[in-house]
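Just so you know, these numbers come straight off a predicted model, no measurement behind them. Whatever order the structure lists them in is the order used to number ligands and atoms, beginning at 1.
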Amino acid sequence: MIVKSRQVSGELKLMRILNARMELEDKDKQNYFNLEKGFEGELKFDALMTNLQQERLILNDLLLEKNTTKFQIDSFHIAQATVYHFEVKNFEGDYYIEKDRFFTYSGKEVLNPLHQLRRSETLLRQVFQNSGFSFPIESYLIFVNPSFTLYQAPKDPYIIFPTQLDRFLLKMNRAPSSNLNTRHTKLAEKLLALHQIDDPYKRLPLYSFEGVRKGVMCGSCYSFDVSVGEYYTICNDCKCTEESDNAILRSISEFQLLFPERKITTSIIYDWCEVIKSVKTIRRNLAKNFKQIGYGKWVYYENRN
Ligand SMILES: [Zn+2]
């Protein structure tokens with residue numbers, strides 16, 4: 001049973017919008033690319049885990065904190081006798097390990113994911129101890145990309161390579177997990193309660209309302225080459241169709257994500273959407289979907305709770 005499902009992270013949502021609406025510097029582009037790649041890998045891992053037969057409680061993307069250190073757990077499974085902690089990597093291409101350090105084939109050092117795994121495990125044990133849970137923890141580093149190769153790989157049973165994934169699933173399916181009780185649900189509830197809300201804004205590149213591209217973009221391929229009709233918006237690149245009211249709402253939510261401090265007014269959304277010809281359309285959309293605050297020319301809108 002999935003207790004906490006995986007969502008597109010706030011940071012990835014924001015970076016998708018920024019990447020479409022401004023020219024990112026190389027390092028920010030690389031960061032955005034890594035986020036997309038990581039998320040894609042996690043989805044691949046989730047899809048694999050749907051083949052597990054036994055009952056278990058699954059919590060994805062947990063952000064915990066111990067001694068002011070935040071640490072992320074890609075996936076966490078509570079089974080009958082053991083809890084499993086997974087760090088998922090979607091590395092592609094050739095890598096090598098030298099003296100416990102991790103490099104791409106061209107020699108660029110990356111954070112050793114095994115260190116990351118061990119560090120999270122240590123912190124997780126402390127969280128367990130503090131909360132009075134004594135389940136044994138098994139931590140695995142899972143490489144999901146079939147085109148990944150690691151030279152000089154250590155013989156570590158807790159590292160699972162793409163070619164070993166099928167066998168690993170078989171092994172997991174053999175572990176008994178049919179009797180989950182309140183002790184297991186209590187642990188899931190505790191971890192959910194400890195889950196922290198991430199603040200992605202401090203990691204974003206600098207941007208401003210003036211500096212980002214305005215307009216309605218396609219929700220699938222992020223192209224700005226869209227034709228917004230009265231009822232439907234059609235992307236001229238990927239040809240997908242969306243109701244225009246939806247496309248406007250989506251653009252408003254992009255604006256809200258990028259500028260959470262700014263008030264939503266008809267005129268700012270009119271400027272933001274750019275291609276919507278009529279102010280009335282924007283006003284109707286805002287009135288229908290948001291809560292109106294104030295009167296006359298001071299009107300602005302807030303999300304309905
Ligand atoms: Zn498109």
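- Annotation: salt bridge (Lys or Arg N to Asp or Glu O under 4.0 Å) contacts involving residues 176-185, sequence neighbours excluded, are absent.
- In this view, R101 and E109 satisfy the side-chain hydrogen bond (donor to acceptor under 3.5 Å, both in side chains) rule, not counting sequence neighbours.
- For E242, the salt bridge (Lys or Arg N to Asp or Glu O under 4.0 Å) partners at least two apart in sequence or on another chain are R250.
- Aromatic rings of Y140 and H85 (six-membered ring for Trp) have centroids beyond the 6.0 Å cut-off, not under it.
- Both tests hold for R213 against F224: distance to the six-membered ring centre under 6.0 Å, angle to the ring axis within 45°.
- Excluding waters, the protein N/O/S atoms found under 2.8 Å from the Zn ion (ligand 1) are C218 SG, C221 SG, C235 SG, C238 SG.
- Under the 30°/60° scheme for interplanar angles, the aromatic rings of F161 and F148 are found to lie parallel.
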